[in-house]
Q: 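Pasting a structure below so you can have a look.
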Amino acid sequence: MSKRLSPQLQHNITEDTYCETHLEPTRLFCDVDQITLCSKCFQSQEHKHHMVCGIQEAAENYRKLFQEILNTSREKLEAAKSILTDEQERMAMIQEEEQNFKKMIESEYSMRLRLLNEECEQNLQRQQECVSDLNLRETLLNQVIKLATELEEMFQEMLQRLGRVGRENMEKLKESEARASEQVRSLLKLIVELEKKCGEGTLALLKNAKYSLERSKSLLLEHLEPAHITDLSLCHIRGLSSMFRVLQRHLTLDPETAHPCLALSEDLRTMRLRHGQQDGAGNPERLDFSAMVLAAESFTSGRHYWEVDVGKATRWQVGIYHGSADAKGSTARASGEKVLLTGSVMGTEWTLWVFPPLKRLFLEKKLDTVGVFLDCEHGQISFYNVTETSLIYNFSHCAFQGALRPVFSLCIPNGDTSPDSLTILQHGPSCDATVSP
């Protein structure tokens, strides 16, 4: 039968520091059973194979472990707060991005409808000798109505798909926000508990130390990741207007505006770097795209379309420049006067950007041929993936001033010799619309 201390002795010696069984000081700690031991308890069969050490040593070991977890918890709290902030910002961004894509879809629909009506008028003019044939005229009009209806249905489907993807993205972000918010709350509570634990005395710190440690570790093992959402640029607008072939311009490069490091072909349709070195940068803001040349042709009105082979270039830009270019393209480098599509290949990584403002786009495959459509009257510039027959991006309601000139650029490398080149493609006979010399 175990003996107990007399009430008088208990008044002078705390119960926790003495073994109730052997009435001896408890200077040891059993890590397995999480209890304090006296020397006689330590010698018993019950603790023979247990890990036992001095109370002070055990307390210091646990204090160090709690402090390490506390430090890790603080780091994880900052990471969780960062993810929480990012998810909240992304919710606002995707709403804005969805509206931008909606405007882009509506702008593309309006443009294609205008081209369809224009094509209809041209077909009717070619059939002037059959004007008296009301059946033929009615057939042509019915065809146009059918095409216009199909066009509207296709774009309505795109808007619905865009809305569906937008809702799915928002739901994922809200769920991610909730997880991040919950982890922030849990970590804040854990940090308070750990700070209190680290500040406690020896015996209080050792009380339920192993349980507190395991519970803390289990929370730190919870992995938090930002939501994986669908890039809205995957909602491709398919198809190219048949009018693009009619509007295609046969452009040539203007040697007077070419950067000194560029070599132009005899037919003035291909540009390549004379020499240069390659650099490892992957952000277009860090790349030197000053190897630029303008087209010899400029546009002041009308609609125009041209295609560029970019398949042999690792870093390139195509777009529109408006302003004056005096000395060897020096003025043409002013980025505020250009609307650009930029492509960059670094190893297996393929990136695509539009400007202004600088915005990264998602594209599954490397571009081979870029189509550029310009509508001067409506201030619209559209970039197309000709191989996949899909819209990449468009700018609408642009405020143009003066003549507009196509612009082409390669990145000046800083390493090995670069074989990069761009070529303006030609299809069929030249069609001259409103072109100023």
Side-chain angles (χ1 to χ4, degrees), residues 1-88 175-226:
M1 179 180 291
S2 64
K3 297 179 181 179
R4 289 186 176 274
L5 296 174
S6 66
Q8 292 80 7
L9 192 58
Q10 288 187 37
H11 180 74
N12 297 321
I13 304 172
T14 60
E15 185 181 4
D16 288 340
T17 59
Y18 270 75
C19 172
E20 294 183 355
T21 304
H22 304 107
L23 303 179
E24 289 191 4
T26 53
R27 298 192 176 95
L28 301 172
F29 182 75
C30 176
D31 195 61
V32 176
D33 293 334
Q34 293 283 290
I35 58 174
T36 56
L37 307 173
C38 68
S39 57
K40 289 183 179 179
C41 291
F42 173 62
Q43 293 170 4
S44 67
Q45 289 294 320
E46 185 181 354
H47 300 286
K48 183 177 181 180
H49 300 292
H50 290 180
M51 182 180 291
V52 177
C53 62
I55 285 180
Q56 292 299 327
E57 181 184 354
E60 285 308 306
N61 288 339
Y62 272 107
R63 199 183 304 276
K64 287 179 181 178
L65 289 172
F66 283 133
Q67 188 61 51
E68 289 174 2
I69 292 177
L70 178 58
N71 294 337
T72 304
S73 298
R74 287 169 177 159
E75 292 174 1
K76 190 154 187 175
L77 175 62
E78 292 307 309
K81 284 181 176 179
S82 178
I83 289 177
L84 178 60
T85 301
D86 289 346
E87 299 302 67
Q88 291 169 342
E175 290 173 1
S176 179
E177 181 197 28
R179 288 193 299 270
S181 182
E182 176 60 30
Q183 189 168 90
V184 167
R185 286 193 295 270
S186 299
L187 287 168
L188 283 171
K189 183 179 178 182
L190 175 63
I191 287 170
V192 171
E193 292 175 359
L194 290 173
E195 287 175 340
K196 180 181 178 183
K197 200 74 174 171
C198 288
E200 289 178 334
T202 300
L203 294 176
L205 184 141
L206 288 175
K207 187 176 181 181
N208 298 322
K210 196 170 188 178
Y211 167 75
S212 298
L213 194 66
E214 290 174 350
R215 189 167 59 85
S216 302
K217 286 182 176 179
S218 66
L219 179 59
L220 294 183
L221 287 174
E222 293 179 8
H223 187 57
L224 191 64
E225 278 191 354

Q: From E57 CD over to T202 OG1, what is the distance, rounded to the nearest 0.5 angstrom?
A: 12.5 Å

Q: Take E200 and K197 through the test side-chain contact (heavy atoms from CB on, under 4.5 Å) and record every step on the way to the result.
A: CA-CA 5 Å; E200 289 178 334; K197 200 74 174 171; 3.5 Å; yes

Q: So do Y62 and S212 actually touch side chain to side chain, heavy atoms under 4.5 Å?
A: no

Q: Run the side-chain contact (heavy atoms from CB on, under 4.5 Å) check on L77 and K81 step by step: do they pass?
A: CA-CA 6 Å; L77 175 62; K81 284 181 176 179; 3.9 Å; yes

Q: Can you give me the closest heavy-atom contact between K76 and Q183, atom names plus distance?
A: CE-OE1, 3.9 Å

Q: Check whether S73 reaches the backbone of I69 with its side chain - one donor and one acceptor, N or O, closer than 3.5 Å.
A: yes

Q: Looking at A58 and C53, what are the two nearest heavy atoms and their distance?
A: CB-SG, 3.6 Å

Q: Hey, which of L28, L206, L37 is the one that makes side-chain contact (heavy atoms from CB on, under 4.5 Å) with I55?
A: L206

Q: As an exercise, state the distance from CD of E68 to NZ of K64, rounded to the nearest 0.5 Å.
A: 9.0 Å

Q: Contact between R215 and L219 at the side-chain level, heavy atoms closer than 4.5 Å - yes or no?
A: no

Q: Could you measure the distance from the CD1 atom of I83 to the OG atom of S176? Nearest 0.5 Å is fine.
A: 7.0 Å

Q: Show the nearest heavy-atom pair for residues A80 and V184, with the distance to one decimal.
A: CB-CG2, 3.8 Å

Q: State whether the side chain of E214 and the backbone N or O of Y211 hold a donor-acceptor pair below 3.5 Å, judged by distance alone.
A: no

Q: Looking at OG of S216 and CG of L194, how far apart are the two atoms once the value is rounded to the nearest 0.5 Å?
A: 4.5 Å

Q: I'd like to know whether R179 forms a side-chain contact (heavy atoms from CB on, under 4.5 Å) with E87, so could you lay out the CA-CA distance, the side-chain angles of the two residues, the decisive distance to 0.1 Å, and finally the verdict.
A: CA-CA 11 Å; R179 288 193 299 270; E87 299 302 67; over 6 Å; no

Q: Verify side-chain contact (heavy atoms from CB on, under 4.5 Å) between L220 and L187, making sure each step is shown before the conclusion.
A: CA-CA 8 Å; L220 294 183; L187 287 168; 4.0 Å; yes

Q: Is I191 close to E195 at the side-chain level, that is, under 4.5 Å between some pair of heavy atoms?
A: yes

Q: To the closest 0.5 Å, what do you measure between CG (N61) and CZ (R63)?
A: 11.0 Å

Q: For the side chain of S181 and the backbone of E177, is there at least one donor-acceptor N/O pair under 3.5 Å apart?
A: no

Q: Is it true that atom NZ of K210 has more than 12 heavy atoms of other residues, nucleotides or ligands lying nearer than 6.0 Å?
A: yes

Q: With no hydrogens and no angle check, do the side chains of N71 and Q67 hold a donor and an acceptor under 3.5 Å apart?
A: yes

